[in-house]
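The structure displayed is predicted, hence computed values, not measured ones. Indexing begins at 1, ligand by ligand and atom by atom, following the structure's order.
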Amino acid sequence: MINVAIVGSGPSGCYIADMLSKKLANAQIDIYDRLPTPFGLVRSGVAPDHQGTKNIVRQFDRIFQRANVRFIGNINIGNDISYQELKHNYEIVVITIGAVKDRKLEIPGEELNGVYGSGQFASWYNGHPDQADLSPNLNGNAIAIIGNGNVALDISRVLSKTSEEMRSSDITVEAKSKIEAAPISDIYLIGRRGPLEASFTNIELCEFSELQQCVALADPAQLPDRLPEDTDPKIATELQNNLVKLNEFAANDPDSKPIRLHLMFNHSPLQVNGRDGSVRSITLEKNSSVNGSPVPTGETVELQVQTLISAIGYRSNTIEGMPFDNIRGTVSHNDSVIESGVYTAGWCKRGPQGVIPSNRSDAMSVAKKIIADLEASPPESNKPGAVVIDDLMKRRNLTPVSFEQWQIINHAEINRAPEGKPREKFNRVPDMLALL
Ligand code: NAP
């Protein structure tokens with residue numbers, strides 16, 4: 001028997017479990033998650049109005065039905081069970097804990113009330129227990145969002161959709177009513193580089209043409225006439241489509257809808273200004289673009305905003321005893337191997353880049369590597385795996401949640417949702433455990 005522990009039940013963990021459970025003879029796979037709920041960012045990172053993307057869980061569900069795969073939720077590796085204990089008891093450990101900590105802007109005023117990281121903010125509206133008490137300040141009419149990636153677009157969209165447009169999403173009831181009640185009239189989406197360097201994708205950008213109460217705007221002076229001659233042909237079509245869409249936004253009437261989304265390029269945040277401890281404005285510095293890199297010009301502009309959300313990427317959490325690269329905010333590894341018998345995949349390995357299918361191909365290659373390594377040097381002695389860990393969990397009075405128990409939570413969420421809404425999430429762990 002080969003005992004495998006996977007830490008983190010997001011897409012990377014699920015894809016590795018899928019392949020190992022099918023291809024590794026005599027494998028027993030335990031997938032740990034610190035939450036009682038599986039699926040990581042599919043549940044609490046993917047935007048609540050992108051339900052199509054969340055359909056992937058139907059595929060993941062089937063993995064957990066296999067006899068040699070176990071979900072062990074509500075167990076925090078590093079706190080409840082140590083990294084060392086996992087290594088002692090499993091032949092193979094795979095770390096797939098994603099990247100959930102917000103990168104900091106590192107500018108003065110970042111500590112003011114009204115400044116949030118995108119992970120924090122999206123976790124709040126997605127019902128992640130870590131942010132159940134966030135209650136963000138959405139009392140003002142203007143919000144700045146820093147970053148030009150898809151996460152920045154997700155948050156802008158969720159903040160500007162109507163109640164009807166969010167009806168079939170799984171946003172929490174608290175977040176939905178707070179956003180609906182917010183007097184938002186202007187959202188500034190601020191990129192430090194130009195439109196051709198933005199990392200958002202065209203499908204997501206185009207969604208802003210369809211919104212009922214939000215008009216997207218761009219400054220024509222910030223849009224190049226055409227792509228440079230030396231544009232990489234692999235991305236030229238995507239960039240050209242973005243340029244067409246941004247020109248369409250530049251021609252929009254700012255007064256046509258009650259919420260304006262201003263796409264601002266070539267501006268870096270310099271400092272957040274406060275009054276009585278809360279955000280009053282943000283000072284931006286204009287950049288010029290030199291070979292696609294932002295070069296500060298010394299010219300500044302102050303935007304009156306009452307909320308600021310930085311959507312500039314994520315770091316991974318550390319686990320005590322696990323080698324970690326503090327500068328990159330990722331797990332330390334050599335070709336996916338952290339140390340003998342311990343592997344890593346996904347965002348905690350590569351940093352927060354790529355969509356779910358890119359994590360699939362990464363996870364597949366790591367699973368293949370694990371199988372090849374086991375074939376090349378089979379483990380000498382059998383480790384006890386779940387037997388010892390189950391006993392440890394009992395002795396420590398821990399409350400592991402099985403996949404069957406998750407199904408009880410899942411059905412309760414589905415059953416209590418109003419008509420048209422896929423689920424009404426429980427965002428507090430005690431409320432989930434009370435159902436079991
Ligand atoms: P991202 O695509 O890497 O975007 C981060 C943005 O933050 C970039 O525009 C970056 O600018 C900017 N930035 C970084 N540091 C900054 C600083 N100090 N000051 C100002 N701006 C700064 O990351 P993300 O939006 O968090 O998305 C993470 C991954 O998830 C991406 O691969 C994304 O495509 C994926 N995702 C996909 C979807 C979808 O498919 N619908 C939805 C959400 C997320 P520079 O480019 O200049 O560094």
Side-chain angles (χ1 to χ4, degrees), residues 10-12 40-56 98-110 115-123 125-126 144-158 169 188-208 235 238-239 242 263-272 282-296 303 308-316 328-330 346-362:
S12 297
L41 74 73
V42 181
R43 180 174 163 97
S44 37
V46 170
D49 59 335
H50 277 177
Q51 287 296 315
T53 310
K54 291 178 189 251
N55 281 339
I56 190 79
V100 292
K101 270 170 84 171
D102 288 300
R103 271 194 199 134
K104 292 278 175 202
L105 283 168
E106 315 283 359
I107 58 172
E110 200 170 6
V115 180
Y116 309 99
S118 55
Q120 197 185 14
F121 195 79
S123 292
Y125 61 56
N126 272 325
I145 300 177
I146 309 295
N148 261 181
N150 279 330
V151 170
L153 291 192
D154 279 351
I155 293 176
S156 308
R157 197 181 60 252
V158 168
S169 79
Y188 298 91
L189 188 69
I190 300 161
R192 63 179 170 184
R193 298 194 285 159
L196 301 184
E197 287 78 41
S199 54
F200 49 62
T201 42
N202 191 253
I203 295 179
E204 279 67 29
L205 190 62
C206 289
E207 287 185 67
F208 287 91
I235 55 168
E238 177 86 358
L239 292 185
N242 281 354
L263 286 116
M264 288 177 71
F265 298 101
N266 296 314
H267 283 82
S268 286
L270 266 194
Q271 71 172 54
V272 195
I282 177 162
T283 305
L284 306 170
E285 181 167 19
K286 205 170 168 197
N287 297 321
S288 62
S289 173
V290 177
N291 298 330
S293 295
V295 177
L303 283 182
L308 185 139
I309 301 167
S310 65
I312 61 166
Y314 305 104
R315 294 169 61 83
S316 284
R328 291 186 63 231
T330 51
W347 278 14
C348 65
K349 170 185 125 182
R350 307 191 321 275
Q353 294 153 11
V355 288
I356 293 172
S358 13
N359 283 307
R360 181 176 188 276
S361 39
D362 180 38

Novice: Nearest non-hydrogen contact with atom 48 (O) of ligand 1 belongs to which option: R192, H267, R103, R157?
Specialist: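 Going through R192, H267, R103, R157 one by one, R192 has the nearest heavy atom to atom 48 (O) of ligand 1.
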Novice: Counting from 1, what ligand 1 atoms have a heavy atom of W347 closer than 4.0 Å?
Specialist: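 Contacts of ligand 1 toward W347, numbered from 1: 28 (C), 29 (C), 30 (O).
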Novice: Distance below 4.0 Å between atom 46 (O) of ligand 1 and any protein heavy atom?
Specialist: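 Under 4.0 Å from atom 46 (O) of ligand 1, at least one protein heavy atom found.
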Novice: Do any nitrogen or oxygen atoms of N150 come within less than 3.5 Å of a nitrogen or oxygen of ligand 1?
Specialist: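 Right, the criterion is met.
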Novice: Please state which protein non-hydrogen atom is closest to atom 5 (C) of ligand 1 and give its distance, to 0.1 Å?
Specialist: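 Looking only at protein heavy atoms, the one closest to atom 5 (C) of ligand 1 is A311 O, 3.8 Å.
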Novice: When you measure from atom 3 (O) of ligand 1 to each heavy atom in G149, G313, S199, which option holds the nearest one?
Specialist: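 Among G149, G313, S199, the closest heavy atom to atom 3 (O) of ligand 1 belongs to S199.
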Novice: Apply side-chain hydrogen bond (donor to acceptor under 3.5 Å, both in side chains) to residues S118 and Y314 and explain how you reach the verdict.
Specialist: CA-CA 9 Å; S118 55; Y314 305 104; 3.0 Å; yes
Novice: With only distance considered, is Y314 within less than 3.5 Å of ligand 1 through an N or O on each side?
Specialist: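 Not met; the criterion fails.
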Novice: Give the residue, atom name and distance (to 0.1 Å) of the protein heavy atom nearest atom 28 (C) of ligand 1.
Specialist: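 The closest one turns out to be P352 O, 3.4 Å.
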Novice: If you take the nearest heavy atom of each of D102, V355, V151, which one is closest to atom 44 (C) of ligand 1?
Specialist: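 Nearest heavy atom to atom 44 (C) of ligand 1 lies in V151.
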Novice: Going by heavy atoms in the side chains, are V355 and T53 under 4.5 Å from each other?
Specialist: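 A side-chain contact under 4.5 Å is absent here.
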Novice: With heavy atoms of Q353 as the reference, note each atom of ligand 1 found under 4.0 Å away.
Specialist: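 Taking each heavy atom of Q353 in turn, ligand 1 has 32 (O) under 4.0 Å.
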Novice: Has K54 got a side-chain atom pairing as donor or acceptor with V42's backbone, closer than 3.5 angstrom?
Specialist: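 Pair found, side chain donor or acceptor close to backbone of V42.
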Novice: Residue-level breakdown please: for I146 versus ligand 1, do any non-hydrogen atoms fall below 4.0 Å on the side chain, on the backbone, on both, or on neither?
Specialist: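 It is the side chain that gets close, since no backbone atom is under 4.0 Å.
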Novice: Okay, side chain of W347, backbone of Q353: is any donor-acceptor separation there less than 3.5 Å?
Specialist: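 Yes, the answer is positive, given that a donor and an acceptor are paired below the 3.5 Å cut-off.
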Novice: Regarding atom 9 (O) of ligand 1: of the candidates I312, N148, I190, which has the closest heavy atom?
Specialist: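 Residue with the shortest heavy-atom distance to the ligand atom: N148.
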Novice: Taking the side chain as everything from C-beta on, heavy atoms only, tell me whether L153 gets closer than 4.5 Å to V151.
Specialist: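 Sidechains of V151 and L153: no contact.
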Novice: Heavy atom of G354 under 4.0 Å from ligand 1?
Specialist: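 Contact present.
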Novice: Please list all pairs meeting side-chain hydrogen bond (donor to acceptor under 3.5 Å, both in side chains) that have one or both residues in residues 42-52, counting only residues at least two apart or in different chains.
Specialist: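 Sorted result for residues 42-52: R43-E413, D49-R157, D49-K161, H50-R157, H50-E207, Q51-D170.
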Novice: Can you sort out the partners of F208 under ring-ring contact (aromatic ring centres under 6.0 Å, His included), two or more places apart, ordered by chain and number?
Specialist: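 Partners of F208 by the ring-ring contact (aromatic ring centres under 6.0 Å, His included) criterion come out as none, since no residue qualifies.
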Novice: So is there a nitrogen or oxygen of E204 less than 3.5 Å from a nitrogen or oxygen in ligand 1?
Specialist: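 Min N/O separation from ligand 1 is below 3.5 Å for E204.
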Novice: Nearest protein heavy-atom contact for atom 43 (C) of ligand 1: which residue, which atom, what distance?
Specialist: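 Of every protein heavy atom, D154 OD2, 3.3 Å lies nearest to atom 43 (C) of ligand 1.
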Novice: Please determine if R193 has a nitrogen or oxygen closer than 3.5 Å to a nitrogen or oxygen of ligand 1.
Specialist: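 R193 vs ligand 1: N/O contact under 3.5 Å present.
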Novice: Would you give the length of the straight line joining atom CG of L263 to atom CD1 of I145, rounded to the nearest 0.5 angstrom?
Specialist: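 Atom-to-atom, L263:CG and I145:CD1 are 10.0 Å apart.
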Novice: When you measure from the side chain of S310 to the backbone N and O of G117, does any donor-acceptor pair fall under 3.5 Å?
Specialist: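 Between the backbone of G117 and the side chain of S310 there is no qualifying donor-acceptor contact (under 3.5 Å).
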Novice: Taking K104's backbone N and O only, do any of them form a donor-acceptor pair with E110's side chain (distance below 3.5 Å, no angle check)?
Specialist: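 Here the side-chain-to-backbone pair does not exist.
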